[in-house]
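Accompanying notes for the structure given below.
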Protein chains: 2
Amino acid sequence: MNEKFFSLPKEKQQCIINAGYNVFSQNSYKKSPMSEIADAAGISKSLLFHYFRNKKELYLYLWDEGARITTEYMTRHDCYKKADLFEMMERSMKAKLEIMRIYPNLATFTLKAFYEKDPEVHDDIQKSFANYFSTKAQNAIEGLDPDDFVPGTDLRLMYREMYWTSIGYMWEMMQQGEIDADRLEKDFSDMLAFWKKIFLKEINQGDGSSD
Amino acid sequence: MNEKFFSLPKEKQQCIINAGYNVFSQNSYKKSPMSEIADAAGISKSLLFHYFRNKKELYLYLWDEGARITTEYMTRHDCYKKADLFEMMERSMKAKLEIMRIYPNLATFTLKAFYEKDPEVHDDIQKSFANYFSTKAQNAIEGLDPDDFVPGTDLRLMYREMYWTSIGYMWEMMQQGEIDADRLEKDFSDMLAFWKKIFLKEINQGDGSSD
DNA sequence: ATCGGTGTTGACCGGTTCGGTTAAAGTCGG
DNA sequence: CCGACTTTAACCGAACCGGTCAACACCGAT
């Protein structure tokens, strides 16, 4: 890729990157035209090809950049320092929310890229994924103390439920159009408070009605 | 559309319909080529156009048929006769599972069609939706007795959570490939048992381990 | 064998879109 | 006015799209 891309003003860079996340997160790799991305970024197709040699290069750059951004924000929010589950979730939520204010479709792009089957990029993505994420193995369920939770709670199910809820929420928001970070923040903190209430043992006993 | 389609063996009809659900549920309307659907159905594009005059006709037929199938199975499983929430959910789960064994991608297609923005079909879908579903208003939350649930449970949040979990689960399964109905049945009944346990007041107190 | 009807297809059409290139236009400091 | 840099319109050949059509395969009746 062309180094001149990096000497663009940060704003313009983000604009192009977001255009990519936007288009690639809504269509498969093959059905995501470069022209559409260029339009979304407000530049000409030629210029896009000036910065990125071809579509694959752009796609893989977006993937790498996504991983970089994610780990950067996660680190900054202490998401890799062990704490109790909900503390971790709260931090991670804060991190991802901050990301989403700048790159609204990064999360969806990453998720979709991970499942992308097109042979032109599949192998590269999978290989890269193994590098980036498996090192920081997210075995969040292991190492949880069952005594912290309501007796009889299946921690594995609890975790999956929370995971799928997040995905389902994001999918539906995305279908409706651009993601509204403020609304997302409210919805997710509601969700998190809700989970605390139903899963944690006795955090919310002496709690009156505070607004 | 050509009436001869209906005199095809049921098997072949379902095969074509499923090919449609498959392709349309993975791409937007505009980016779902008829050729791809024909291939997925194992017939030639010409024959597909022989049965359906054009793409729009096929799309709207799939939508109508989807609504018909859904209400048929839901009625057969007494999903419209009021009962308590989890009984209703169990019935509706059974119904949708039975559907999914025959039309694995109907649910995803319907959800996606509902949000389809292409002007060529948007209005027809929305108009039809108003007809089909708003009549049987799914105000499932209203009319619930809070006393049945763990004290302090926010019923609205509970409902949304279960809804999004379902969507998130289905989205992820779909990304991985064809949906495995058996696994889905197990996962969802696990999920339902889990919800009962955490949301319902005292259904599972005197329960030993019976299999 | 042949005729007609039915189910099915390959080949084709005109238009559009695709990834990617190129030559030239705009822009700006000196 | 120059030269270097940024940006684009116009273009290219190939592929793809929705849709058509003439013909092929099959089959029962003649």
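Proteins get letters first, then strands, A, B, ... in listed order; numbering begins at 1 in each. Hydrogens, waters and symmetry mates play no part in the numbers below; they use all other heavy atoms, side chains included.
In A:Glu178, the CD atom is crowded: over 12 heavy atoms of neighbouring residues, nucleotides or ligands sit closer than 6.0 Å.
Ion pairing between a basic and an acidic side chain is recognised when a charged N comes within 4.0 Å of a carboxylate O; A:Arg68 and A:Glu72 show such pairing.
Counting to the nearest Å, the P atom of C:dG7 and the CD1 atom of B:Ile16 are 13 Å from each other. Nucleotide D:dG18 holds its C1' atom 10 Å from the CD atom of B:Glu120, rounded to whole Å. Rounded to an integer number of Å, the gap from B:Asp118 CG to D:dC17 P is 15 Å. Look at CE on B:Met1: it is 17 Å from C1' on D:dG19, rounded to the nearest Å. Straight-line distance from the CZ atom of A:Phe5 to the C1' atom of D:dT7: 15 Å, rounded to whole Å. Taking atom CG on B:Asn2 and atom P on C:dT6, their separation rounds to 11 Å, with Å as the unit. A:Leu58 has its CG atom 15 Å from the C1' atom of C:dC18, to the nearest Å.
Looking at B:Gln175, its side chain never comes within 3.5 Å of a backbone N or O of A:Lys112 through a donor-acceptor pair. Between the side chain of A:Asp145 and the backbone N or O of A:Asp148, no donor-acceptor pair lies under 3.5 Å.
Using modelled atom types and a 3.5 Å distance limit, the side chains of A:Thr110 and A:Trp63 yield no donor-acceptor pair.
Note on B:Lys4: every side-chain N or O is 4.0 Å or more away from OP1 and OP2 of C:dT6. One finds a side-chain N or O of A:Tyr51 lying less than 4.0 angstrom from the OP1 or OP2 phosphate oxygen of D:dT7.
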Could you go step by step and tell me if B:Asn2 and B:His50 meet the side-chain contact (heavy atoms from CB on, under 4.5 Å) rule?
CA-CA 7 Å; B:Asn2 192 333; B:His50 178 63; 3.6 Å; yes
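For DNA chain D, the residues of residues 27-50 of chain B within the heavy-atom distance limit of 4.0 Å (strictly under) are B:Ser32, B:Pro33, B:Met34, B:Ser35, B:Lys45, B:Ser46, B:Phe49, sorted by number.
Note on A:Phe52: nothing from the nucleic acid sits closer than 4.0 angstrom, heavy atoms only.
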